[in-house]
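Everything below concerns the one structure shown next.
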Amino acid sequence: HYPLRRQRQMCIRDRTQNVSFAETFSPTAQPVSVRMLVSISVANGYELATADVSTAYLNAPLEKPVYMRPPKGVKDPKDRGRLLRVLRSLYGLKISAKNWHRKFVQKIRAFAGTAIDIEFVIVTSDECMFRFTQGDSVLIILIVVDDVLSATNDNKFRRAFLDFLRTEFVVTDDECFNFFLGVGWDKKPDGSIIATQTAYIDRVIERFNLKDHKPSCTPMESNFSVDESDLDENCDPKQLAWYQAAVGCTMYGMIWTKPEIAYHTNVLARYMTKPGPKLLKAAKKLLLYLKYTRLLGIRFSRDDPKGHGINTLSCYVDSSDGDDRITRRSTGGYALFFNSSPAAFRSMLQRLATLSSCESELVQLSTAVQEIKHVRELLELLGFAQEAVKVFEDNQAAIRIAESPGSSRSKTKHVGRRFAFISESIEAKEIVMMYVPTDDNIADIFTKPLAHDKFVKLRRLLLNYTEDMIEAGR
């Protein structure tokens with residue numbers, strides 16, 4: 001028998017706290033940074049492991065005086081009418097997350113001072129990522145509140161870092177990388193890692209009572225579209241809550257391991273306040289697709305099936321001109337690959353109305369270049385500087401305009417700044433435009449609902465699977 005343990009946790013109610021957003025903001029690692037770190041580690045033979053800081057917030061002192069009323073249950077007559085001064089960043093206090101992040105980063109920075117030859121770099125593209133080098137040893141740290149993900153080619157270097165943290169914090173070392181941020185990371189015998197959210201999807205299917213429903217092999221019908229008549233301004237509150245919850249659940253899966261449903265989630269999310277029967281049915285079909293592909297996720301591998309090179313960025317961009325029947329705006333998307341695995345991806349309804357498919361491609365291309373610049377900077381600070389990134393586009397007119405400053409300028413005045421942004425990136429040799437046939441443009445999966453065969457083909461390329469693997473995970 002285990003001894004009985006009684007625990008209490010003191011929290012602060014946030015509705016009584018009057019502080020500004022600037023005093024409470026605390027950065028957290030972005031999903032693209034996590035995927036980049038995993039991809040770098042797999043391709044270069046780094047060991048991945050996680051660690052956790054216990055009762056993290058309580059390690060951070062408060063800079064300004066904070067007072068609270070005694071919690072319920074305190075019966076000491078001396079405490080009646082008194083206030084208690086809070087000395088540590090209690091959970092529930094709005095400024096606790098910021099205080100903890102500042103304290104943790106200070107401790108991480110201090111590790112560089114433990115030896116003369118340790119070099120330290122803060123990845124400015126992501127304030128939660130750090131790089132240490134000591135001779136040939138490399139240690140990359142990524143923090144998410146109190147969770148630590150590390151990648152290294154020298155485990156002694158990593159253990160020295162954790163021992164240094166233990167001088168002030170209670171740190172639990174998992175010594176493995178199996179589960180992180182709700183995502184399962186399954187390492188295969190060939191060294192590849194497959195990221196899935198099987199447990200999360202199972203909980204979602206159970207929550208929406210879809211266990212006994214037949215799974216769907218595609219996330220949306222290929223002829224799906226939304227007209228004004230498909231919207232319901234007076235949607236039943238229960239159906240509205242169901243729809244909003246369903247779209248929210250699929251969105252979390254899409255952000256981490258299911259990029260192939262980015263378009264479908266984006267379309268459904270446009271009508272969160274007035275879904276009609278057609279949209280409710282589409283949301284259910286998307287959930288059943290998750291059920292069908294619960295074992296399928298992103299594959300990070302050492303090989304280079306796309307032929308772009310190891311430790312090399314590449315990008316696919318596409319748009320569908322004026323496809324939204326209500327706003328007449330275009331849907332576009334991009335997929336940014338590193339070591340043939342998707343690091344960043346997006347499907348979006350463009351905010352700018354365009355007059356041709358060429359213009360919509362240029363608008364989407366400018367958005368993709370912004371992401372490329374961000375990831376290029378991140379990789380450079382991690383020691384993986386990039387040459388001109390290959391950007392694959394299936395619209396030859398857009399390629400010619402981007403590569404030839406001054407051409408068709410009279411026809412692209414209203415997208416002039418975006419056009420100039422792309423041209424400057426080409427002149428600076430940050431990107432190079434490449435033509436790809438429409439059937440091979442992976443970003444096409446982000447712009448429209450596809451028929452089964454084409455969807456499966458592009459999904460395999462997007463997730464970095466081989467043909468035999470895709471059937472095993474569906």
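Starting from 1, each residue takes its place in the sequence as its number.
For the atom pair OG (Ser347) and CD (Gln364), the distance works out to 8.0 Å, reported to the nearest 0.5 Å. For the atom pair Arg102 CZ and Ser89 OG, the distance stands at 9.0 Å (nearest 0.5 Å). The structure places CG of Asp190 at 8.0 Å from OG of Ser301, a figure rounded to the nearest 0.5 Å. The structure places NE2 of His101 at 8.0 Å from CD1 of Ile108, a figure rounded to the nearest 0.5 Å.
When atom types are taken as modelled, the side chain of Glu403 and the backbone of Ile401 share no donor-acceptor pair closer than 3.5 angstrom. Between the side chain of Ser425 and the backbone N or O of Ser423 there is no donor-acceptor pair closer than 3.5 Å. Not one N or O on the side chain of Arg299 forms a donor-acceptor pair closer than 3.5 Å with the backbone of Ser341. A donor-acceptor pair under 3.5 Å links the side-chain atoms of Gln350 to the main chain of Ser360, judged by distance alone. Although no hydrogens or angles enter the test, the distance criterion places no donor-acceptor pair under 3.5 Å between the side chain of Asp186 and the main chain of Ala195.
Put simply, the residue from Phe130, Phe120, Phe111 that forms a ring pair (Phe, Tyr, Trp, His ring centres under 6.0 Å) with Phe161 is Phe111. For the ring pair (Phe, Tyr, Trp, His ring centres under 6.0 Å) with Phe392, the lone residue among Phe337, Tyr316, Tyr334, Tyr435 that qualifies is Tyr316.
Checked against the 6.0 Å centroid threshold, Trp100 and Tyr91 do not count as a close aromatic pair.
For the pair Arg294 and Asp202, the salt-bridge criterion is met [side-chain N within less than 4.0 Å of a carboxylate O]. A salt bridge links Arg158 with Asp173: the closest approach of a Lys/Arg side-chain nitrogen to an acidic carboxylate oxygen falls below 4.0 angstrom.
For Arg328, the CZ atom counts as densely surrounded, since its 6.0 Å shell holds more than 12 non-hydrogen atoms of other residues, nucleotides or ligands.
Side-chain contact check for Asp444 and Thr447: at least one donor-acceptor pair (N or O, by modelled atom type) lies under 3.5 Å.
The cationic atom of Lys107 (NZ for Lys, CZ for Arg) lies less than 6.0 Å from the six-membered ring centre of Phe164 and within 45° of the ring axis.
The two residues Gly182 and Tyr252 come nearest to each other via the heavy atoms CA-OH, 4.5 Å.
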